[in-house]
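Take a look at the structure set out below.
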Amino acid sequence: DLDSALDTLESQPGVDRFEGAIDILGFYWPVQPKTILGFVVSGSFDALSTPVGDIQINQFLYAASAMHFFGRETGDGIFLRGDFGIAKASIDADTTVGSFEATSDSGTGYLLGIGYGIPVSDESRVLLSINISNKSIEDEDISAVSFNVGGLW
């Protein structure tokens, strides 16, 4: 319902919409050849700028994460990623009729991804991935699909 309301709002004159995703912070440790486990904070957002103000909806996932690489070494070639953890959502609105902020209760969520790692030096890699996430928060399911560019050191 929220997505269709945002789509309707976006179709109005003078409304701009910007959507994005980011892995805010991640720490990983090798557990076996070509597999790393860790913790990551990931998120996605949906921001609308309207003639009467701005609205932004954020989704966050605080998760345990695993990545397995199928190339010659960690960070090389095709990889799979799986995250599972605590999900939250928030909304911020700043309009001509007032401001509003709300944060959800905690829920659960997961992220599944497939990507490709490109070694750029002995110590660093560029990771390109497509991720699908789902968060179950306050009896609602919120999904997102994202393309991410990241780094691994």
Side-chain angles (χ1 to χ4, degrees), residues 1-29 36-69 74-75 78-121 123-153:
D1 292 339
L2 179 60
D3 194 43
S4 66
L6 294 174
D7 289 341
T8 301
L9 182 59
E10 179 185 22
S11 69
Q12 302 303 310
V15 175
D16 293 318
R17 186 175 186 182
F18 182 71
E19 300 170 272
I22 187 170
D23 286 340
I24 300 166
L25 190 60
F27 294 98
Y28 290 87
W29 294 270
I36 55 178
L37 293 178
F39 175 82
V40 66
V41 178
S42 61
S44 57
F45 63 90
D46 199 341
L48 292 110
S49 177
T50 75
V52 296
D54 301 324
I55 301 167
Q56 183 165 326
I57 300 167
N58 303 302
Q59 306 170 36
F60 298 99
L61 181 61
Y62 306 88
S65 179
M67 296 173 75
H68 181 77
F69 294 85
T74 300
I78 294 173
F79 68 89
L80 296 176
R81 173 180 168 184
D83 300 357
F84 182 79
I86 298 169
K88 292 197 68 99
S90 68
I91 185 169
D92 296 307
D94 187 14
T95 69
T96 56
V97 294
S99 296
F100 174 79
E101 291 182 17
T103 302
S104 72
D105 292 335
S106 295
T108 59
Y110 66 86
L111 179 144
L112 300 173
I114 186 168
Y116 194 83
I118 304 165
V120 292
S121 75
E123 301 285 326
S124 59
R125 313 287 188 253
V126 171
L127 304 179
L128 308 173
S129 64
I130 295 175
N131 303 311
I132 298 170
S133 66
N134 186 286
K135 298 160 192 83
S136 180
I137 304 169
E138 296 184 10
D139 297 324
E140 296 290 332
D141 284 331
I142 304 168
S143 298
V145 176
S146 63
F147 173 75
N148 289 54
V149 178
L152 181 64
W153 293 270

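Fair warning: this is a prediction, and the values are worked out from it, not measured in the lab. These values consider heavy atoms only, across backbone and side chains, with no hydrogens, waters or symmetry-generated copies. For reference, positions follow the sequence shown, starting with 1.
Between Ser65 and Val40, the shortest heavy-atom contact is CB-CG1, 3.8 Å. Residues Pro13 and Pro51 approach most closely at O-CG, 4.1 Å, considering heavy atoms.
Remark: Trp153 CH2 to Glu123 CD distance equals 12.0 Å, nearest 0.5 Å. Distance CG/Leu128 to CZ/Phe147: 5.0 Å, rounded to 0.5 Å. Rounded to the nearest 0.5 Å, atoms CZ (Phe79) and NE2 (His68) are 12.0 Å apart. With rounding to the nearest 0.5 Å, the separation of CD in Gln59 from CD1 in Ile91 is 11.5 Å. The OG1 atom of Thr95 sits 7.5 Å away from the CD1 atom of Ile55 when rounded to the nearest 0.5 Å. Between atom CD1 of residue Ile132 and atom CG of residue Leu111 there is a gap of 9.0 Å, rounded to the nearest 0.5 Å.
Residues Ser90 and Phe60 form a side-chain contact, since some pair of their non-hydrogen atoms from C-beta on lies under 4.5 Å apart. Using a 4.5 Å heavy-atom cutoff, the side chains of Leu48 and Asp54 are not in contact. Counting heavy atoms from C-beta outward, Asp83 and Leu112 have side chains that stay 4.5 Å or more apart. Under the 4.5 Å side-chain criterion, counting only non-hydrogen atoms from C-beta, Ile36 is in contact with Phe69. Residues Asp92 and Asp94 are not in side-chain contact: their nearest non-hydrogen atoms beyond the backbone lie 4.5 Å or more apart. Side-chain atoms of Arg17 and Asp46, non-hydrogen and from C-beta on, do get closer than 4.5 Å to each other. Proximity of Asn131 to Arg81: side-chain heavy atoms (C-beta onward) are separated by under 4.5 Å at one or more points. Counting heavy atoms from C-beta outward, Leu9 and Thr50 have side chains that approach closer than 4.5 Å.
Other residues, nucleotides and ligands contribute over 12 non-hydrogen atoms within 6.0 Å of the CD atom of Gln12. Summarising the local packing, CD1 of Ile24 is surrounded by more than 12 heavy atoms from other residues, nucleotides or ligands at distances under 6.0 Å. Atom CD1 of Ile86 has 12 or fewer neighbouring heavy atoms from other residues, nucleotides or ligands inside a 6.0 Å radius.
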Trace of the side chain to side chain contact (heavy atoms under 4.5 Å, CB included) decision for Asp23 with Val41: CA-CA 6 Å; Asp23 286 340; Val41 178; over 6 Å; no
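A salt bridge is absent between Lys135 and Asp141: the closest approach of a Lys/Arg side-chain nitrogen to an acidic carboxylate oxygen does not fall below 4.0 angstrom.
Looking at Asn134 and Ser143, their side chains do bring a donor and an acceptor atom within 3.5 Å of each other. In the model, Asn58 has a side-chain atom that pairs as donor or acceptor with a side-chain atom of Gln56 under 3.5 Å. Neither side chain, Ser11 nor Thr8, offers a donor N or O lying under 3.5 Å from an acceptor on the other. Neither side chain, Asp16 nor Ser49, offers a donor N or O lying under 3.5 Å from an acceptor on the other.
In terms of modelled atom types and a separation under 3.5 Å, the side chain of Ser146 and the main chain of Asn148 share no donor-acceptor contact. In terms of modelled atom types and a separation under 3.5 Å, the side chain of Lys88 and the main chain of Ser104 share a donor-acceptor contact.
In summary, the aromatic rings of Phe39 and Tyr28 are positioned with their centroids too far apart to meet the 6.0 Å limit.
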